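Take a look at the structure set out below.
Keep in mind that this is a model prediction, so the values were computed, not measured.
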Amino acid sequence: MDTWTPADMTDQSGRTALVTGPTVGGLGFHTAAELARRGARVVLAGRSPERLAEARAALRELHPTAAVELVKLDLTSLTSVREAAATAGGFGPLDLLVNNAGIMAPPYARTGDGLELQLATNHFGPFLLTGLLLPQLAASEDGRVVTVSSLMHKYARSAPLDDPRQESGRYAAWQVYGQSKLANLLFTVELERRLRAAELPVKALAAHPGIASTHLVANGPLSRLPGRSTLGQLVTRTVSQSPAAGAWPTLMAACADLPGGTFTGPAGRFELTGPATVVAGRRLARDPETARRLWELSESVTGLRYP
């Protein structure tokens, strides 16, 4: 398989998929919409009850017979993550978990748990959620975890292995964002290794959307990058793709016949746009020792040892 689009999707009837960050118009929404169109029951997990209701209404407008459930989930709060996982326990076996929700380079802030906001939202929250839902994923006998990363993982100078509760020097929002997206890939590498060692019927995969014109990009700090910035120049010189197309790599990772540990992204030049395909990522994102160290840190921070 060289490239993939939703035209390659098989029937998803009988599958239950939990998708985080399903705001209407975003990557998560389009991921959930395609899964619902193909017959999957979708569980939308997000922070705002109002936006969740909007997403459910929009999905049912597109697909009137869609089975849609809602779960309140705030990834910045470890307590909220545990409560969301408990609610999701009522849905029975899970075939798919899509860790899509995230934030991009906001001003410096700390969560109620004392964690830096981006790492909490983009890595530690999904780490905890995945671990708590792992028994349900295994119960499906063919579970899959897809974690959405970013091209920005290539810009991280190092993996986030320091204590996230401690401040260390001047805050560089884009560096921390890149680190959080690098963490998504390291998490996938180590999760897949542990799943195989435990002989559990679950796969871990990752995806990135390239550059898609979502609200996160259009209205976020990416739109205010200085022209001398390498990424800023890249964005201004490149036509981004639609959010629907940006969801294709996630859908490929979620539905295509791929081995665990696969990383998908756009097939176009520089992995910015185009149909989905298998991509490599940077070497650090596949380093087993770094992945192991991040996993141990994540267990300590979240207080969860995976079953």
**OP:** Would you confirm whether K181, through its side chain, and V148, through its main-chain N or O, come within 3.5 Å as a donor-acceptor pair?
**Re:** yes
**OP:** To the nearest 0.5 Å, tell me how far T188 OG1 sits from R286 CZ.
**Re:** 13.0 Å
Original post:
Looking only at atom types and distance, does a side-chain atom of T277 sit under 3.5 Å from a main-chain N or O of A267, one as donor and one as acceptor?
Top reply: no
**OP:** Decide yes or no on side-chain hydrogen bond (donor to acceptor under 3.5 Å, both in side chains) for N100 and T250, but give the supporting numbers first.
**Re:** CA-CA 9 Å; N100 164 80; T250 302; 5.5 Å; no
Subject >> Closest contact, heavy atoms only, A247 versus H30 >> reply: CB-CB, 4.0 Å
**OP:** Check whether the ring centres of Y306 and F127 lie less than 6.0 Å apart, and answer yes or no.
**Re:** yes
Subject >> Distance-only side-chain donor-acceptor flag, D74 / S80, under 3.5 Å >> reply: no
Subject >> Short side-chain donor-acceptor distance under 3.5 Å, D142 and S140 >> reply: no
**OP:** State, to 0.1 Å, how close A206 and A253 come at their nearest heavy-atom pair, and which atoms those are.
**Re:** O-CB, 4.2 Å
Original post:
Side-chain donor-acceptor pair under 3.5 Å between R110 and Y108, yes or no?
Top reply: yes
Original post:
Is there a donor-acceptor contact under 3.5 Å from the side chain of H63 to the main chain of T65?
Top reply: no
**OP:** Go through the steps for E116 and Y171 under the test side-chain hydrogen bond (donor to acceptor under 3.5 Å, both in side chains), then give the verdict.
**Re:** CA-CA 10 Å; E116 187 281 322; Y171 182 68; 2.6 Å; yes
Original post:
Which heavy atom of A138 sits nearest a heavy atom of L200, and at what distance?
Top reply: CB-CD2, 4.4 Å
Subject >> Ion pair E34/R37, N-O distance below 4.0 Å >> reply: yes
